Number of protein chains: 2
Amino acid sequence: MTESLQIQLKKGVLEMCVLALLSKGDNYAYDIASRMAEAVGMGEGTIYPLMRRMQNDGLVSTYLQESGSGPPRKYYKLTKSGANALKSQVSEWIVFETAVRKILGDAT
Amino acid sequence: MTESLQIQLKKGVLEMCVLALLSKGDNYAYDIASRMAEAVGMGEGTIYPLMRRMQNDGLVSTYLQESGSGPPRKYYKLTKSGANALKSQVSEWIVFETAVRKILGDAT
DNA sequence: AACAAGTACCTTGCACGGCAAGGTACCATG
DNA sequence: CATGGTACCTTGCCGTGCAAGGTACTTGTT
């Protein structure tokens with residue numbers, strides 16, 4: 001029950017984090033998943049539906065590239081609309097985080 | 001689609017916030033909902049299932065009290081287990097928030 | 001040649017929890 | 001007696017992360 005907090009916390013934030021990662025350079029899902037797994041414990045099964053959604057929403061575009069080790073990688077690249085989404089999501093995040101901090105108050 | 005971010009963000013955090021509010025004094029659902037609605041846009045329909053869950057989990061206990069205006073209020077009071085849950089959730093939150101901040105990096 | 005292990009892609013079914021909308025009932029004011 | 005505020009609660013829906021499973025290519029080991 002307690003560990004479900006972390007699961008729930010991720011919801012909504014993961015997309016923003018992926019956008020932020022991509023803003024620093026194109027990347028492919030498997031690598032994104034690895035980084036996110038380390039940072040916030042994201043599972044691999046999460047990334048592919050997420051990337052698909054983001055592509056459908058026009059936030060990213062894709063291209064294939066050979067890798068030398070394993071199957072070809074599908075790279076994701078931020079679109080302008082994706083960059084805008086990142087900006088607005090970051091500001092929403094900050095508002096939210098500030099509100100939470102205020103509620104927690106001295107409980108920290 | 002963008003507004004779903006805020007919805008998703010709330011998941012998991014609301015329980016912690018309610019615990020934090022209760023740590024400052026007993027309160028009843030309707031008032032908690034009003035405060036949370038102002039702070040993070042929580043809907044009223046969210047609070048009752050949440051309080052029920054928290055009671056089932058032994059995080060809060062309840063008692064009734066007349067109100068003079070409307071039906072009697074059902075006050076919620078933090079249990080020891082609830083106070084412990086608050087502490088651990090807050091530290092999880094801080095870890096999480098730090099991780100997110102790190103990923104966002106200079107995107108802020 | 002055969003096999004495991006690593007990389008990299010993807011899908012299916014499930015569980016959780018917030019929300020909108022709706023409903024009940026009590027009290028005061030007009 | 002009707003309106004509006006307080007305060008309780010339920011139902012059904014939807015989004016999304018997860019675990020588990022599956023494919024296929026490459027490299028290293030036996």
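All values reported here derive from a predicted model rather than from experimental measurement. Here is how names work: the chains are called A, B, and so on, in the same order as the sequence lines, proteins then strands, and each is numbered from 1.
- Distances from the side chain of B:R53 to the nucleotides D:dG17, D:dT10, C:dG17 place C:dG17 closest.
- Between A:L50 atom CG and C:dT11 atom C1' the separation is 15 Å, expressed in whole Å.
- Atom pair A:I47:CD1 and D:dT16:C1' shows a separation of 13 Å (rounding to whole Å applied).
- Rounding to whole angstrom units, CE of residue A:M51 and P of D:dT16 are separated by 14 Å.
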Identify each donor-acceptor pair in which a side-chain atom of residues 28-42 of chain A lies under 3.5 Å from a protein atom, sequence neighbours left out, and give them as a table.
residue, atom, partner, partner atom, Å
A:Y28, OH, A:R73, NE, 3.4
A:Y28, OH, A:R73, NH2, 3.4
A:D31, OD2, A:N27, ND2, 2.8
A:D31, OD2, A:R35, NE, 2.8
A:D31, OD2, A:R35, NH2, 3.4
A:S34, OG, A:Y30, O, 2.8

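- Using a 4.5 Å heavy-atom threshold, the side chains of B:Q89 and B:V13 count as separate.
- Annotation: salt bridge (charged side-chain N to carboxylate O under 4.0 Å, His left out) contacts of B:E97 (sequence neighbours excluded): A:R101, B:R101.
- If you check D:dC18, C:dG17, C:dC19 against the side chain of B:T46, the one that comes closest is C:dC19.
- Sorted by first then second residue, the side chain to side chain donor-acceptor pair (under 3.5 Å) pairs that include residues 39-49 of chain B, not counting sequence neighbours, number zero.
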I'd like a table of atom pairs between the protein and nucleotides 7-9 of chain C - only N or O on both sides, under 3.5 Å - with the distance next to each one.
residue, atom, partner, partner atom, Å
C:dA8, OP1, A:Y28, OH, 3.4
C:dA8, OP1, A:R73, NE, 2.4
C:dA8, OP1, A:R73, NH2, 2.1
C:dA8, OP2, A:Y28, OH, 3.1
C:dC9, OP1, A:K74, N, 3.1
C:dC9, OP2, A:Y30, N, 2.6
C:dC9, OP2, A:Y48, OH, 3.2
C:dC9, N4, A:E44, OE2, 2.9

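- In terms of phosphate contacts, B:R52 brings a side-chain nitrogen or oxygen within less than 4.0 Å of OP1 or OP2 of D:dT10.
- B:M16 has its CE atom 14 Å from the P atom of C:dG17, to the nearest Å.
- Residues passing the side-chain contact (heavy atoms from CB on, under 4.5 Å) test with A:S61 are A:K77, A:T79, sequence neighbours excluded.
- The CD1 atom of B:I32 sits 13 Å away from the C1' atom of D:dA7 (whole-angstrom rounding).
- Atom CG in A:N56 sits about 15 Å away from atom C1' in D:dG15, given to the nearest Å.
- B:D26 pairs by the salt bridge (charged side-chain N to carboxylate O under 4.0 Å, His left out) definition with nothing, not counting sequence neighbours.
- Rounded to an integer number of Å, the gap from CG of B:L14 to C1' of C:dC16 is 13 Å.
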